[in-house]
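Here is the structure we will look at.
Below, read A as the first sequence line, B as the second, and so on, with proteins coming before strands; counting in each chain starts at 1.
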Protein chains: 2
Amino acid sequence: MTKTTLKEIADILDLSISTVSKALKGYPDVSQQTKKRVLELTESLSYTPNTFAQSLRSRTSKTIGVIIPAMVHYFFSNIIDAILREAESRDYMVILMQSNEDAQLEKKQVDLLLKKGVDGILMSLSNKTHNFEHLQKIIDYNIPLVLFDKIAKLVPCSKVTIDDIKASYDAVQFLINKGHQRIAYFRGDLNPQNSIDRFLGYKKALEDNDIAFDPSLVYLCPDADFKDGYTAAEKLINDHGTSIDAVHSITDLTAIGAINYFNKKNIRIPEDIAVLGFSNWFMSSIITPTLSSVEQNAGKMGEESIRILFDEMDSKQKGMTIKHQKIVIDTQLVLRNSC
Amino acid sequence: MTKTTLKEIADILDLSISTVSKALKGYPDVSQQTKKRVLELTESLSYTPNTFAQSLRSRTSKTIGVIIPAMVHYFFSNIIDAILREAESRDYMVILMQSNEDAQLEKKQVDLLLKKGVDGILMSLSNKTHNFEHLQKIIDYNIPLVLFDKIAKLVPCSKVTIDDIKASYDAVQFLINKGHQRIAYFRGDLNPQNSIDRFLGYKKALEDNDIAFDPSLVYLCPDADFKDGYTAAEKLINDHGTSIDAVHSITDLTAIGAINYFNKKNIRIPEDIAVLGFSNWFMSSIITPTLSSVEQNAGKMGEESIRILFDEMDSKQKGMTIKHQKIVIDTQLVLRNSC
DNA sequence: TTGTATGCGTTATCAA
DNA sequence: TTGATAACGCATACAA
């Protein structure tokens, strides 16, 4: 079984290819009767146009590319979920790639997407991406680009983020309001913007409350994973005993690692040490104790990102100038039993 | 900036398009010097061929389609992870779709993939898929198809699964060896094959150990989620108090729901009730108590699935007859503190 | 109202 | 060793 083409239909109906094409496209200059004959036959043969030919001619692909750092990640899988739903509803396909936090690979994947002729690109950058030539290339090619979550501030394109500074600031302020003074911070990798911003939020909250910033209370969790959190908690206790009131962490997974260590050492949460995460993973609602966190609204971020992308793609098609948008998704503190 | 074409290169070098094409393809009938000139220019212009034109001509797309029931799922995101890595290494792109457990949508997505001209399709069926015409359509179009995890036994194509019967059998046998006799089962939806098989494994293990099967110990968890597990545990205790020794569950998430309920009611795990899950989610290693489970090797399943798909695609290209494969991925009991 | 001709970019056959 | 030409399937400007 092979795919039907316009030519076959034209031959059967003894019409020209262009007439068949016009009938299908609903052009007015086709007789009602011819149109009907064509539609009936294409229906019964379940004809669908060859998308390669269409793309070659129209220079569009009805496809968007998405690059994320990692798939196995509650936050990103939720974002992808939202993107797939929205793309689906527009009859667009999604080509998904993951950079595995590898800047080189990310660059290669951008080339692949450009080569593949996608109509737009959604990206969340790898932590190791410090050079943005590949993003500039996308822009030079005049392909709409929307960065989300892990963005590059200086690249001229639309962006969707949360306000990481404010989110962490609010989180730490909450801990302070609760009476905590010695608040440790488990920070993420040094380079990514949102890692920096969350750290700044932490520092600013201390400052605004006249609590001296103590660098010895900051623990680096470069991979921001369970193990990093566990190890950091171990170091924290070795360094400071339980003179610490609370821990705020770059992400829930590190916080959960810390909780695990504290549980193991019979350090009570929140009585001895309060713990506050970031991202509100599903997991956080079911561990013991349940973890308070910052809800990042991944679904909304995915929806907004692809909405803006479609906006830009529409504008481009209409020949309008594209205005880049910068959306900040709101966050909420989700309180549970860990603080 | 627009993409370079063969014609532009030919014009610049004052050659014909076909000579340029042949030079790039490494044909022998091009002079060394010409070849060198062409390669240097294409390099400096960073020429890449237009994939639509290539696809139109070659009738291949270097793209595979993947349909899964849900993205936000530890098991599936691990499988996708493996698929993306392997496709990447072969310079293939992956179009990803999720059926959201909706048979109608799944059918539509198959049509989209066929229309899009993918070279092969990987699918894990929705729980509600009981009609397989869309799969037959893929086969009729002569597109290689590999089903994984959620398969349809009777559809003639390659399949990658685990031995669900054996996996659950072994799990229950382990509980019995530990001395448990009154073992409840939280079963999944009634229709999916692996849900059925796991249930059969449970029954068979009881039977082989001369333990009477008691239908009142089976609780239906149609969505196999946290809430279902929590509710089932609640019912279980209401129905049977703590006369039950152990619970085996269709998946970790339901088991975790149950653990949550037991913890809340101060029912001790494993002293009062042992709990044994299925799938070995990451989460299971960090809850309290840590959950014993059946490791399903998602990564391996993803790797094998796409390996077979590439096998079939290669065979098809070479005009060889395609032999369908049936791979069973091994599983292991992962013991932790819940039983 | 219908049909002819052309081009999208690449590749392969055949001629020069 | 190189080039002219046709074909992949579709869509449109233009001619009939």
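- Taking the screw axis at each terminus of the helix from C/dT1-D/dA16 to C/dA16-D/dT1 from five consecutive base pairs, the angle between the two is 60° to within rounding of 10 degrees.
- Atom-to-atom, CD of A/Glu8 to C1' of D/dC8 comes out at 13 Å; the value is rounded to the nearest Å.
- For the 3.5 Å distance criterion, the side chains of A/Lys116 and B/Thr63 qualify, holding a donor opposite an acceptor.
- Residue B/Thr5 places no side-chain N or O under 4.0 Å from the OP1 or OP2 atom of C/dC8.
- The distance between atom CZ of A/Arg59 and atom C1' of D/dT12, rounded to the nearest whole Å, is 14 Å.
- In the model, B/Lys3 has no side-chain atom that pairs as donor or acceptor with a side-chain atom of B/Asn50 under 3.5 Å.
- Within the 4.5 Å cutoff, the side chain of A/Leu41 has no heavy atoms near those of the A/Tyr47 side chain.
- Contact annotation: A/Ser16 reaches the phosphate of C/dG3 (side-chain N/O to OP1 or OP2, under 4.0 Å).
- Residue A/Lys35 contributes atom NZ, which lies 11 Å from atom P of C/dT2 at whole-angstrom precision.
- Residue order along DNA chain C, read from the 5' end via each residue's closest nucleotide, puts A/Gln32 first among A/Gln32 and A/Leu56.
- One interatomic measurement links the two molecules: CG of A/Leu45 to P of D/dG9, which rounds to 15 Å at whole-angstrom precision.
- Under the 3.5 Å distance criterion, with hydrogens and angles disregarded, a donor-acceptor pair is assigned to the side chains of B/Ser158 and B/Glu312.
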side-chain hydrogen bond (donor to acceptor under 3.5 Å, both in side chains) between A/Ser31 and A/Thr34: does it pass, once the steps are laid out?
CA-CA 5 Å; A/Ser31 73; A/Thr34 308; 2.6 Å; yes
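- Between B/Glu303 and B/Arg85 there is no salt bridge, since no side-chain N of the basic residue sits under 4.0 Å from a carboxylate O of the acidic one.
- Side-chain contact annotation: A/Thr60 with A/Asp119, donor-acceptor N/O pair under 3.5 Å absent.
- Distance B/Asp14 CG to D/dA4 P: 10 Å, rounded to the nearest Å.
- With 3.5 Å as the limit, one finds a donor-acceptor pair spanning the side chains of A/Thr129 and A/Ser126.
- If you take CG of B/Asn50 and P of D/dG9, they are 16 Å apart, rounded to a whole angstrom.
- Taking atom CG of residue B/Leu13 and atom C1' of nucleotide D/dT2, one finds them 14 Å apart after rounding to whole Å.
- Of the inter-residue distances, the one linking A/Met97 atom CE with A/Ile121 atom CD1 reads 10.0 Å to the nearest 0.5 angstrom.
- B/Ser31 comes within 4.0 angstrom of sugar-phosphate atoms only, judged by non-hydrogen atoms across all strands, and of no base.
- Contact annotation for A/Thr34: backbone-only contact, meaning every heavy-atom pair under 4.0 Å involves sugar-phosphate atoms and none involves a base.
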Between the protein and nucleotides 11-14 of chain C, which nitrogen or oxygen pairs come in under 3.5 angstrom?
residue: C/dT11; atom: OP1; partner: B/Lys25; partner atom: NZ; Å: 3.2
residue: C/dT11; atom: OP1; partner: B/Gln54; partner atom: NE2; Å: 2.9
residue: C/dT11; atom: O2; partner: B/Arg57; partner atom: NE; Å: 3.0
residue: C/dT11; atom: O2; partner: B/Arg57; partner atom: NH2; Å: 3.0
residue: C/dA12; atom: OP2; partner: B/Tyr27; partner atom: OH; Å: 2.7

